[in-house]
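I have placed the structure first, in the form of structure tokens, so that the comments after it can refer back to it.
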Amino acid sequence: MSTATVEKPGFGATLWEYLTTVDHKKIAILYLLGGGFFFLLGGLEAMLIRLQLMLPDNNLIGAQFYNEIMTMHGTTMIFLAAMPLIFAFMNAVVPLQIGARDVAFPFLNSLGFWLFLFGGILLNLSWFLGGAPDGGWTAYAPFSIWSSTHGFDFYAIGLQISGFGTLMGGINFIVTIVNMRAPGMTYMRMPLFTWTALIASVLILFAFPALTVGLFFMTFDRLFGANFFVPEMGGNEIIWEHIFWIFGHPEVYILVLPAFGVFSEVISTFSKKRLFGYSAMVFATVLIAFFGFMVWAHHMFTVGMGPIANSIFAIATMAIAVPTGIKIFNWLFTMWGGSIRFSTPMLWAAGFIPTFTIGGMTGVMVAVAAADLQYHDTYFVVAHFHYVIVGGVVFGLIAGTHYWWPLIFGKVLNEKLGKWTFWFFFIGFHLTFFIQHFLGLMGMPRRYWKFLPGQDLEVGNFISTVGALLMAVGTIILLYNIIKTSVNGERSSQDPWDGRTLEWSLPNPTPHYNFKQLPLVRGLDPLWIEKTQGNGKLIPAEPLNDIHMPNNSFLPFMISLGLFITGIGVIFRPDSNVAYIAIIAGLVIAFGSMFIRSVKDDLGYHIHKEDLEEEGAGVE
Amino acid sequence: MKGWMGRFRALFLLSGLALILTGCGNPYLSALQPKGEGADMILDLMILSIIIMLFVFLVVMAIYVFVVVKFRQKKGEEDYIPKQVEGNRILETIWTVIPIILLLILAVPTVQYTFALSDTTPESTEGEEAENTDDALWIDVTGKQFWWNFDYRDTSVQTSQDLYIPTDKRVYIKLSSGDVIHSFWVPSISGKMDVNPGKNENEMFIKAEEEGVYWGHCAEFCGPSHSLMDFRIVAVSPGEFDQWMSDMQNVDPEAEPEDSSAREGKQLFSDNSCMGCHAVGSSPAMMGPNVTNFGDRSKVAGVLDYNKENIVDWIMDPEKHKPGNSMTGNYTIPSEEDAEKIADYLMSLSPSEIGPDDAQDDDYVQPQKKEESEQEGNENNDEGNSNENNQEENNDDNTNEDEEN
């Protein structure tokens, strides 16, 4: 077993390894591939949107197709690109940062990934099976209930399946971080990325059930004739909005908090300084998450909730600006007095601060309930949330990609190409979205398939499209960089950035059991402490011993595949009775696999002490 | 509502930024060039929030630029290890407390304006604007895929697509939807309000401070032609509005057009059961847009330039202009010749001399005097309108006008 990593396995063996793996490092790569694919797909949809809106009264794309693209751009980017990419980094980094050999539930981890992937594939199959959902990613009822294609059936079932995966991932990381920290790694010594991963996981635990319930209601309304959201039948369409945003608002923080975590690591590392105000940063993270659950109705100021509700939600929303501001200043003062290297990850962090500050400013502006009557559902809001989600989350993910690429793939991405990516993407981003604030105030509502001439909206929309093209160029350079580095990049040192946290203490490539001996953590930034006060190596907290590892399993793939087949059956049940075969076959596969999992003893295996000693000779 | 915030804006105008902002966009569409009470109030609030936020942004950027320039790693200092600072309690307190204060400054007018803008009780409006509840003009607005219907409450007046209102007076509207959620938005007059189906009806007031034909949009996604669900607010002076109202109340749906082609068009209009959906006069069914004053429309179907060619074009193929509309497939497509006759008929439907042109001239007509309104009141009575309070109301009305003018 221990020699498996030494041999160069064939393609079939590698594929099988990845289909069955329960290793968090390999699952991270799977998430990276899956999320990256959907990111490119969502980007393609974004380009089509911008091309359609480049000129007034443009007929490049038809109304129905445009609405499908617009809906799928939002849905794909949030659920199928940003979420899995966040999970990719949580998987790749968190166990290493806390000094653990894997996550708490490796099997569940694998299941979470396959559920996400099959859910995402199911949702995107709608393109080929009668049309994608067409009512916006928010899927407001009653439009989504009455929409005539199968689009929203795919939406409800696809997101349900991938949502299960997310929920499992969230639970897994809570348990991992609470239970599996190395000796000495107290809560207040955890790196900030781990902290934000923990808080984001808690948010997932509380927010996703709301989505699950909402999607079940929608499924029942659409497929089984229930009337939860149908006003004529005594339902209430506003309830969907509440359920959706009770999930939807925390979702923003689920995405952006880990991105904050990435920036905290990057800024601290590249400034060669300890994070300024560490405990304030942790406290601010917790506070943002807490407030995040009390502000959902600020998405609904125009719904007619009345001035009392609007005022309360307005003030609660404004309050979030305070902990966010604390974070911005803490990052600035981490850099203050440091010795800053502008390598690519740091460049993204430097681009993030002004961008996100603008997103936060407009966030406070839209929180002003009375003024939101003008901003709401216009391009001002589109600009605002792209400043937050692209400026915060996407910048964070790209920074993380460059920062942790050597950890995940053992190679440093090309710095020169990385800088080209940054400047194209950064300039393109501001060109695309800054002008949209003004477009919104000048009277352009969002989700407009076309704008008519004579409204003085031509110039702004044209500039916006030009910016989007620049962003596309930046993304293509990133893709080229990744391919180029993978093909002929050189293996990097184990610690290319002069890191401060535990993940950089490991050999490159990281052994599949991570830590031969669990490290002893003596404070915040444990590796930095050993570098400055010790010999640069971590002190083992335990004698060398046998390591207990989990076995690979094909069952997560089968369970997900089963649910996928059942999902297709459920969607097409109203059309044909053949669908019942799919429903039953899928359930048999899924529950059969669960049954096997339950009755078959799978105790894993041990890596013996002797093998470790032998193998470790050249490593440490 | 233009208290201290209004003065604040005057001050801000001097700084030039507001000039840049208010130069943005189309004067009858942009929220940055308010022509109505609501939009005016909201712009004040926007400017206050922009000032506060710009202050914060400048502070952040000043520190940021300093840090990025000053603390770059210099050549030959690769091994320099900076002091590892844990934090600074005083600094951290400052950047916690100051934002709280700034947000409180913003929170007070936010709450105040949120309440003020949602106030649809005519009696409680303050001071000189006090109007009697019964005298207030209420309009029931219905949004449908992809057009708007306007029903003037307690009168038999109904229009579609063009909403006529008097200037300098709060007009109260009740919003409801016949199908999915829409949102009623006229940026230069006021903020938007969702138009919900079922029991979730909303109310708001609009008040135009200048005459004009204002651009209205649907702002909540509602289907393929969401972006084409435009309408207009035609704000005319109060006197012109009164005249329009009385003309509309006296409309005779059966009147024969003078032109022979239009007469044939009228026949075709009823033979092809166009009337089943498109009412001339008032109809409770509201299946399709009301065409009572189609001759005065500012646009065809809310989006096309108003001319015969476009009307014919629409009749022949509505799907081309508004995908997903409910007309497509639900009527017999007439021959092009017949369509032209129908267009002639529709264009002849102009019961009032007051039209969009009157909103664009400088002609400001004062409301009618007491005697005339009394007479009009009697006419109203014939239409089944309550007359009991008219005398009293008109008195109130006149007093107000005297003060205002």
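The chains referred to below are lettered A, B, ... by the order of the sequence lines, with proteins before strands, and numbering in each begins at 1.
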Seminar exercise, completed: Greatest number of non-hydrogen atom pairs under 4.5 angstrom with chain A, of Lys199(B), Glu77(B), Glu92(B), Gln145(B), falls to Glu92(B)
Exercise. Are any of the side-chain nitrogens in Asp498(A) or Lys531(A) under 4.0 Å away from the carboxylate oxygens of its partner?
Worked result: yes
For this session: Quick one: list whatever passes side chain to side chain donor-acceptor pair (under 3.5 Å) with Thr357(A), sequence neighbours left out.
Result: none
Seminar exercise, completed: One option among Trp331(A), Phe301(A), Phe270(A), Trp528(A) has the most heavy-atom pairs under 4.5 Å with chain B, and it is Trp528(A)
Exercise. If you count heavy-atom pairs under 4.5 Å with chain A, which of Val67(B), Val303(B), Asn88(B) comes out on top?
Worked result: Val67(B)
For this session: Pick whichever of Leu228(B), Leu106(B), Ile81(B), Asn202(B) has the most heavy-atom pairs under 4.5 Å with chain A.
Result: Asn202(B)
Exercise. Looking at Lys272(A), Lys450(A), Gln64(A), which has the largest count of heavy-atom pairs under 4.5 Å with chain B?
Worked result: Lys272(A)
Problem set entry | Ring centres under 6.0 angstrom apart (His437(A), Tyr387(A)) | yes
Exercise. Taking Glu203(B) as the fixed residue, which of Val141(B), Asp119(B), Thr120(B) is the one that meets the side chain to side chain contact (heavy atoms under 4.5 Å, CB included) rule?
Worked result: Thr120(B)
Exercise. Heavy-atom distance under 4.5 Å to chain B: side chain of Tyr278(A), backbone, both or neither?
Worked result: backbone
Exercise. Between Trp336(A), Phe451(A), Trp449(A), Tyr375(A), which shows the greatest number of heavy-atom pairs under 4.5 Å with chain B?
Worked result: Trp336(A)
For this session: Kindly state whether the ring of Trp240(A) and the ring of Phe228(A) have centres lying under 6.0 angstrom apart.
Result: no
Problem set entry | Residues Asp525(A), Arg274(A): salt bridge by 4.0 Å N-O rule | no
Exercise. Taking only heavy atoms into account, what residues of residues 174-181 of chain B are found under 4.5 Å from chain A?
Worked result: Asp179(B), Val180(B), Ile181(B)
For this session: Verify the ring-centre separation between Trp215(B) and Phe231(B): is it less than 6.0 angstrom?
Result: no
Exercise. For the candidates Gly198(B), Ala107(B), Ala219(B), Pro323(B), which exhibits the highest count of non-hydrogen atom pairs separated by less than 4.5 Å from chain A?
Worked result: Ala219(B)
Exercise. Regarding Trp185(B) and Glu220(B), is there a side-chain donor-to-acceptor distance under 3.5 Å anywhere?
Worked result: no
Exercise. Hey, which of Leu102(B), Leu104(B), Asp230(B), Val111(B) has the most heavy atom pairs under 4.5 Å with chain A?
Worked result: Val111(B)
Exercise. Looking at the rings of Trp95(B) and Phe333(A), which for Trp means the six-membered one, are their centres under 6.0 Å apart?
Worked result: yes
Exercise. So, do Phe146(B) and His226(B) have ring centers that fall under 6.0 Å from each other?
Worked result: no
Seminar exercise, completed: If you tally heavy-atom pairs under 4.5 Å between each of Met444(A), Glu232(A), Glu237(A) and chain B, the highest tally belongs to Glu237(A)
